[in-house]
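All of these numbers come straight from a predicted model, not from anything done at the bench. What you see below is based on every heavy atom in this structure, not just the backbone, and it leaves out hydrogens, waters and symmetry mates.
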Amino acid sequence: MHHKVNKQKNFTNLLIGGFGLIELMVTISILILVMGIILTKHSSFNGAVLLRGQAFNVALQAREIQLTAVSVISDSVNYRNVYGLHFDTTSQIINIFKDSDGGHFFEVGEEYGKQSKLDPRYKISEIRLDGASVLGGELSVVFERPNFDARFFVGVDNSGAGSSATSAEIDICLKNTSCTAGNVGEVRTVEITKTGQISVKN
C-alpha cells in the first residue's frame, strides 16, 4: 500500500514539472517572433551597407576622373584635355567621357575608358545644383588641369548653364523604397563641390 502511494506521488510530480501544450506553443511563438525581427533588421542593415558601398563607388569614380584630368599622363600630345562624369536619371548610366568638342557636356561618342552602370537594385533618384533640382535630370561634371576644381553643366547648348554653381548633389537610393532624403538607409548623396571636394553624405 505504501509503495502504491509513492508511485502516485511520483507520477503527480512528473505532471506538475513538465511543459504543457500551451506553454510549448507560447515558447515557439516567441522564438518565431524574435527570429523574424532579427532577420528583418539584418536584411535592412545589409541593404544600407550595400547602398553605402554603391555611393562610395560613384564617389571613387569621380575622384579617379579628377585625377586623370589633372595628371601629366596623357594619351595624346594635348595635356589640357577635359574629362568628366555624366549623370542621367533617365538611362541610369554614369558616362565617363573626354570632352572632344569643348562643349563641357557629354555627347555620344565622347566615352572614355570603361563605362559604368549602377547596380540594378539602385537608381539615381535626383540631381541638384546648389540645392535646386536639375531640370531634365542630366548633369555633366568636368575637371581640367591644372586645378582640382569641378565645373557643372546641364545643357548641350554650350551656354555654361550651371557652371556658376558651387556644389552638385547626386542622390542614390534603393529602387524598392520611397527614396526620401533623410530616411536612414534609403538614400545616400554623393556631393561634388566647385573646389573639387568629393564626399558621401547620409
Side-chain angles (χ1 to χ4, degrees), residues 51-173 179 181 187-201:
L51 174 60
R52 187 169 185 250
Q54 181 69 72
F56 272 103
N57 187 45
V58 172
L60 180 62
Q61 285 179 324
R63 180 67 72 195
E64 286 178 352
I65 289 302
Q66 184 185 46
L67 292 174
T68 300
V70 299
S71 174
V72 295
I73 300 171
S74 176
D75 56 3
S76 70
V77 294
N78 184 7
Y79 289 93
R80 290 276 184 175
N81 288 323
V82 177
Y83 295 88
L85 286 173
H86 181 76
F87 300 94
D88 188 347
T89 57
T90 304
S91 66
Q92 294 297 315
I93 296 174
I94 302 172
N95 291 106
I96 300 167
F97 70 99
K98 180 169 71 173
D99 186 33
S100 58
D101 63 359
H104 298 94
F105 193 84
F106 171 74
E107 293 178 28
V108 176
E110 293 184 333
E111 293 86 352
Y112 176 81
K114 187 178 179 182
Q115 298 303 295
S116 173
K117 260 194 173 181
L118 283 178
D119 186 303
R121 292 171 292 181
Y122 307 100
K123 68 177 182 178
I124 301 171
S125 59
E126 188 180 12
I127 300 170
R128 294 182 300 279
L129 283 177
D130 290 340
S133 290
V134 171
L135 296 176
E138 288 188 72
L139 172 71
S140 286
V141 181
V142 297
F143 303 94
E144 183 178 9
R145 288 188 74 212
N147 301 315
F148 281 86
D149 296 357
R151 295 173 67 200
F152 312 109
F153 294 87
V154 296
V156 295
D157 60 357
N158 208 14
S159 65
S163 59
S164 62
T166 59
S167 70
E169 294 176 316
I170 300 98
D171 286 346
I172 299 169
C173 71
C179 294
V187 180
R188 294 281 180 177
T189 302
V190 178
E191 182 183 41
I192 305 171
T193 69
K194 190 174 184 176
T195 57
Q197 293 179 335
I198 301 166
S199 60
V200 175
K201 303 188 301 182

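Residues T89 and E138 have side chains that never bring a donor and an acceptor to within less than 3.5 angstrom of each other.
Atom CD of E64 and atom CD1 of I198 lie 10.0 Å apart (nearest 0.5 Å). Residue Q197 holds its CD atom at 10.5 Å from CG of D149, rounded to the nearest 0.5 Å. Here the CG atom belonging to L85 is positioned 7.0 Å from the CD1 atom belonging to I94, to the nearest 0.5 angstrom. A distance of 7.5 Å separates CD1 in I124 from CD1 in I170, rounded to the nearest 0.5 Å.
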Check against side chain to side chain contact (heavy atoms under 4.5 Å, CB included), L139 and F153 = CA-CA 6 Å; L139 172 71; F153 294 87; 6.0 Å; no
Let me see the working for K123 and C173 under side chain to side chain contact (heavy atoms under 4.5 Å, CB included), right down to the final yes or no.
-> CA-CA 6 Å; K123 68 177 182 178; C173 71; 3.8 Å; yes
Derivation and outcome, side chain to side chain contact (heavy atoms under 4.5 Å, CB included), residues I172 and T189 = CA-CA 6 Å; I172 299 169; T189 302; over 6 Å; no
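For D119, the side-chain contact (heavy atoms from CB on, under 4.5 Å) criterion is met by Q54, R121, Y122, not counting sequence neighbours. Checked against side-chain hydrogen bond (donor to acceptor under 3.5 Å, both in side chains), S91 has the following partners two or more places apart in sequence or in another chain: D88. Residues satisfying the side-chain hydrogen bond (donor to acceptor under 3.5 Å, both in side chains) test with N95, not counting sequence neighbours, are Q115. A150 meets the side-chain contact (heavy atoms from CB on, under 4.5 Å) test with V141, F143, F152, I192; sequence neighbours excluded. With sequence neighbours excluded, the residues forming a side-chain hydrogen bond (donor to acceptor under 3.5 Å, both in side chains) with D130 are T166, listed by chain and number. Scanning for side-chain contact (heavy atoms from CB on, under 4.5 Å) contacts around V134 gives I127, L129, V154, with sequence neighbours left out. Remark: T195 engages T193 in a side-chain hydrogen bond (donor to acceptor under 3.5 Å, both in side chains) (not counting sequence neighbours). Among residues two or more places apart in sequence or in another chain, the ring-ring contact (aromatic ring centres under 6.0 Å, His included) test is passed with F87 by none. Among residues two or more places apart in sequence or in another chain, the salt bridge (Lys or Arg N to Asp or Glu O under 4.0 Å) test is passed with E169 by R128, K201.
Here the shortest heavy-atom pairing between A59 and V200 reads CB-CG2, 3.8 Å. Nearest heavy atoms, R188 versus A55: CB-CB, 3.6 Å.
A 4.5 Å side-chain heavy-atom check between V70 and F148 finds at least one atom pair inside the cut-off. Side-chain contact between F97 and E107 is absent, with no heavy-atom pair separated by less than 4.5 Å. Residues E126 and S133 meet the side-chain proximity criterion, which asks for heavy atoms closer than 4.5 Å. The shortest side-chain heavy-atom distance between E191 and S167 falls under the 4.5 Å cut-off. H104 has its side chain out of reach of S140: every pair of non-hydrogen atoms, C-beta onward, lies at least 4.5 Å apart.
Aromatic ring pairs are classed by plane angle as parallel below 30°, tilted from 30° to 60° and perpendicular above 60°; the pair H86 and F105 is perpendicular.
Aromatic rings from Y112 and Y83 are positioned such that their centres are separated by under 6.0 Å.
Among E110, K98, E144, the one residue that satisfies the side-chain contact (heavy atoms from CB on, under 4.5 Å) test with V82 is E144.
Open room surrounds CZ on R52; 12 or fewer heavy atoms of other groups in view lie less than 6.0 Å from it.
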